[in-house]
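Everything on this sheet refers to the single structure shown next.
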Amino acid sequence: MNEKQRLESQQIRQGNSPDVKSETNENLNRLKKLSSDELISKYFQTTYEPPNLKKARSRRKKDVDIHYDFDIPLEMKAAGKGKKFLIRTYGCQMNEHDTEVMAGILTNMGYESTDDTNEADIILLNTCAIRENAENKVFGEIGHLKPLKLEKPDLILGVCGCMSQEESVVNRILKKHPFVDLIFGTHNIHRLPTLINEAMFGKEMVVEVWSKEGDIIENLPKVRNGKIKAWVNIMYGCDKFCTYCIVPYTRGKERSRRPEDIIQEVRHLAAQGYKEITLLGQNVNAYGKDLDIDYGLGDLMDEIHKIDIPRVRFTTSHPRDFDDRLIEVLAQGGNLLDHIHLPVQSGSSDILRVMARRYTREDYLKLVRKIREAMPNATLTTDIIVGFPNETDEQFEETMSLVEEVGFESAYTFIYSPREGTPAAKWEDNIPMQVKKARLQRLNALVNKQSAEAMKKYEGQIVKVLVEGESKKDPEVLSGYTERNKLVNFKGPKSIIGEIVEVKITNTKTWTLDGELVESVVEVN
Ligand code: SAH
Ligand code: SF4
Ligand code: F3S
């Protein structure tokens with residue numbers, strides 16, 4: 001924490017503000033009429049700084065500080081004894097992994113986890129700001145939790161994750177949901193014990209959101225969700241500033257972890273028997289650019305390639321920084337799987353330009369050709385946005401033709417959603433919702449068709465499946481993913497959960513495969 005941040009958080013702690021949590025409905029109506037500044041000064045001393053998207057945009061040259069000395073303050077070490085926590089996670093893998101860190105911190109404070117809101121002493125909503133509907137879900141959930149909070153005043157209700165980095169969200173919670181006890185940002189996770197302490201013993205809502213990028217804290221505890229697959233952060237933040245995207249504001253500047261710290265974590269996971277890791281970053285291809293050594297994602301993957309862990313994935317790739325060195329390393333195969341998620345966003349060079357993606361349709365297709373030459377069997381998947389401001393029918397058709405040309409086997413498809421604070425939000429969102437929906441429908445029909453065709457090719461083949469557990473629909477059936485990320489359902493003994501087995505595909509569907517276990521187990525622990 002720097003001096004300014006320390007002062008800010010002290011000011012919140014020491015603030016003699018009125019009790020936000022016990023505002024009556026009558027007062028709430030008055031509050032709704034106040035401006036953000038009036039609200040802030042009502043609740044906090046004037047020096048308190050709310051999150052600020054403009055500030056979050058700044059990228060300082062300063063080196064990132066790496067800390068290896070995280071510890072839970074003595075007075076909080078047993079604060080959770082006999083108590084339970086529940087974390088609801090929205091959004092991407094980054095948030096899922098942050099939840100594992102928060103679970104680790106809470107567990108180290110003595111809390112136990114629960115799935116039952118009625119049992120929980122602390123509930124955290126780890127939120128996503130990527131599209132408006134993601135935010136609406138969270139506000140809906142805050143509303144659902146209100147009666148529980150009123151019934152159990154000692155319950156600590158916290159909002160964290162990407163939405164808490166947005167000033168409009170913090171103001172809306174202050175105004176409309178003052179029963180929330182705690183709001184903290186994506187750079188403040190390591191401060192959780194102290195913030196809980198403040199929420200437990202203070203009267204006012206605790207808000208701590210640092211808009212500027214955080215340091216890297218290496219030794220945070222984690223409770224991983226499962227013993228088969230694990231997330232490994234290789235970098236934080238994003239500097240790409242695609243014009244529609246809120247992530248560079250909510251996650252700060254690109255900060256790469258030191259290679260030796262990542263490799264140590266992967267070795268440790270291998271020693272614990274994990275079968276698959278996914279290297280995580282918003283733009284993993286920029287890995288290493290901010291380090292003081294000449295070292296990139298290709299070099300990192302090359303080292304991880306030699307570690308005895310059966311499967312290594314990485315996400316998300318940005319086409320712009322996908323270099324030849326990485327392709328060469330991936331082409332070695334082994335534990336480096338040849339499934340590449342390569343978001344294209346649009347097939348029109350003009351739309352890509354206004355999205356600030358910094359590549360053209362032709363650049364993207366050239367990269368795909370290079371990848372296919374080096375890895376002829378690689379599976380490519382993507383993300384696409386439809387209905388970006390001013391997107392014409394012709395430009396949308398270019399997206400359709402690119403999807404066909406590349407032959408994506410699946411795609412996450414989205415209707416453009418303006419995000420306050422991003423450049424695109426200032427442009428008129430001028431494609432009617434009906435048109436956006438019609439485009440999305442056509443695109444999805446094409447993606448589904450391509451997915452079904454890709455699946456058909458597996459009929460009669462034997463694939464390697466990492467068995468993750470019982471299928472969600474039928475406990476008699478096991479399920480797991482192939483190397484190319486296809487979900488396979490098949491019958492087999494529970495004892496093979498966590499193993500990589502061979503399965504013969506007997507039936508193919510649009511998104512999943514059915515098969516029969518081939519008796520020999522490929523890898524046994
Ligand atoms: N870092 C990754 C993706 C992060 S967000 C990348 O650059 O590829 C996941 C996806 O959400 C994006 O790829 C994009 O397709 C979509 N997305 C981001 N902002 C959006 C917005 N404002 N409206 C609709 N979709 C959006
Ligand atoms: Fe958002 Fe673009 Fe960064 Fe991906 S690369 S997180 S889409 S700004
Ligand atoms: Fe959402 Fe934040 Fe991830 S906005 S997609 S949770 S980085």
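First listed ligand is number 1; within each ligand, the first listed atom is number 1. Numbers here are sequence positions counted from 1.
Residue contacts with ligand 1 leave out I246, since none of its heavy atoms falls under 4.0 Å from the ligand. Residue R251 places every heavy atom at 4.0 Å or more from ligand 2. Under the 4.0 angstrom criterion for non-hydrogen atoms, N283 is not in contact with ligand 1. Residue M94 places no heavy atom under 4.0 Å from ligand 3. Heavy-atom distances between A129 and ligand 3 reach below 4.0 Å in at least one pair. Ligand 3 is never approached by Q93 to a heavy-atom distance shorter than 4.0 Å. Note on ligand 1: V247 sits outside its first shell, no heavy atom being nearer than 4.0 Å.
Here the protein heavy atom with the shortest distance to atom 7 (S) of ligand 3 is Q282 NE2, 3.2 Å. Closest to atom 24 (C) of ligand 1, if we only count protein heavy atoms, is I415 O, 3.4 Å. Protein heavy atom at the shortest distance from atom 7 (S) of ligand 2 is Y244 OH, 3.4 Å. Taking atom 9 (C) of ligand 1 as the reference point, the nearest protein heavy-atom neighbour is D383 OD2, 3.7 Å. From the protein, the heavy atom lying nearest to atom 1 (Fe) of ligand 2 is C245 SG, 2.3 Å. For atom 5 (S) of ligand 1, the nearest protein heavy atom (residue, atom name, distance) is I130 CD1, 3.5 Å. The shortest contact between atom 22 (N) of ligand 1 and any protein heavy atom is with S417 O, 2.8 Å. Remark: minimum distance from atom 2 (Fe) of ligand 2 to any protein heavy atom is reached at C242 SG, 2.3 Å.
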CA sep, side-chain torsions, deciding dist, call: L155, T117, side-chain contact (heavy atoms from CB on, under 4.5 Å): CA-CA 10 Å; L155 166 71; T117 46; over 6 Å; no
Decide yes or no on side chain to side chain donor-acceptor pair (under 3.5 Å) for S401 and R361, but give the supporting numbers first. CA-CA 11 Å; S401 69; R361 175 189 176 98; 2.9 Å; yes
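Taking the six-membered ring where tryptophan is involved, the planes of Y364 and Y359 are tilted, since the angle between them lies from 30° to 60°. Taking the six-membered ring for Trp and thresholds of 30 and 60 degrees, F314 and F322 have ring planes inclined between 30 and 60 degrees apart. Ring pair F414/Y412 is parallel by interplanar angle, where below 30° counts as parallel and above 60° as perpendicular.
Donor-acceptor pairing under 3.5 Å is recorded for the side chains of D290 and S256. For the residue pair S451/N448, the side-chain donor-acceptor check at 3.5 Å is not satisfied. Of the N and O atoms on the side chains of D215 and H187, not one donor lies less than 3.5 Å from an acceptor on the other residue. Between the side chains of T381 and S410, no donor N or O sits under 3.5 Å from an acceptor N or O.
Where the criterion is an N or O separation shorter than 3.5 Å, residue side chain and backbone included, Q345 meets it with respect to ligand 1. For S317, no nitrogen or oxygen atom sits less than 3.5 Å from a nitrogen or oxygen atom of ligand 1, counting backbone and side chain alike. For ligand 1, the polar-atom distance check against Y244 finds a nitrogen or oxygen pair separated by under 3.5 Å. Residue contacts with ligand 1: Q282 is placed with a nitrogen or oxygen under 3.5 Å of a nitrogen or oxygen of the ligand (distance criterion only). Ligand 1 has a nitrogen or oxygen under 3.5 angstrom from a nitrogen or oxygen of R131. Taking any N or O of Y416, backbone or side chain, none lies under 3.5 Å from an N or O belonging to ligand 1.
Atoms of ligand 2 lying under 4.0 Å from any heavy atom of P248, numbered from 1 in the order shown and given with element: 8 (S). Heavy-atom proximity to N95, at under 4.0 Å, picks out these atoms of ligand 3: 6 (S). The ligand atoms of ligand 3 that sit less than 4.0 angstrom from a heavy atom of C162 are 2 (Fe), 4 (S), 6 (S), 7 (S). Listed by number with element, the atoms of ligand 2 under 4.0 angstrom from any heavy atom of H318 are 5 (S). Remark: ligand 3 atoms within the under-4.0 Å shell around heavy atoms of C128 are 1 (Fe), 4 (S), 5 (S), 6 (S). Ligand 2 places these atoms under 4.0 Å from at least one heavy atom of K240: 3 (Fe), 5 (S). Atoms of ligand 1 lying under 4.0 Å from any heavy atom of R419, numbered from 1 in the order shown and given with element: 22 (N). Residue T316 has at least one heavy-atom neighbour below 4.0 Å for each of these atoms of ligand 1: 2 (C), 6 (C), 8 (O).
The part of P343 lying near ligand 1 is the side chain, judged by heavy-atom distances below 4.0 Å. Here F241 has backbone heavy atoms under 4.0 Å from ligand 2, and that is the only part of it that gets that close. Looking at V247 against ligand 2, only its side chain comes within 4.0 Å, counting heavy atoms. Residue R357 touches ligand 1 through its side chain alone, judged by heavy-atom distances below 4.0 Å. The side chain of F414, and not its backbone, has at least one atom closer than 4.0 Å to an atom of ligand 1 (non-hydrogen atoms only; side chain from C-beta on).
A salt bridge does not link K137 to E132: none of the charged nitrogens lies less than 4.0 Å from a carboxylate oxygen. The pair K289-D321 meets the salt-bridge criterion, since a charged nitrogen lies less than 4.0 angstrom from a carboxylate oxygen. E135 has no carboxylate O lying under 4.0 Å from a charged side-chain N of R172, or vice versa, which leaves the two without a salt bridge. At a threshold of 4.0 Å, the pair R251-D98 counts as salt-bridged, since one of the basic side-chain nitrogens sits closer than that to a carboxylate oxygen.
Within the coordination shell of atom 2 (Fe) of ligand 3, defined by N, O or S atoms under 2.8 Å, C92 is absent.
Two residues are said to be in side-chain contact when any heavy atoms from C-beta on lie closer than 4.5 Å; L192 and M102 meet this criterion. No side-chain heavy atom of E409 sits under 4.5 Å from any side-chain heavy atom of N485.
Here atom 3 (Fe) of ligand 2 lies nearest to C238 when heavy atoms of A286, C238, P343, C92 are compared.
Taking the six-membered ring for Trp and the full ring otherwise, H177 and F139 have centroids separated by under 6.0 Å. Two rings, from Y249 and F241, have their centers less than 6.0 Å apart.
No donor-acceptor distance shorter than 3.5 angstrom exists from the side chain of D429 to the backbone of S417, with no hydrogens or angles considered. For the pair T382 (side chain) and L342 (backbone), a donor-acceptor distance under 3.5 Å is present. Side-chain atoms of N335 come within 3.5 Å of backbone N or O of I307 as a donor-acceptor pair.
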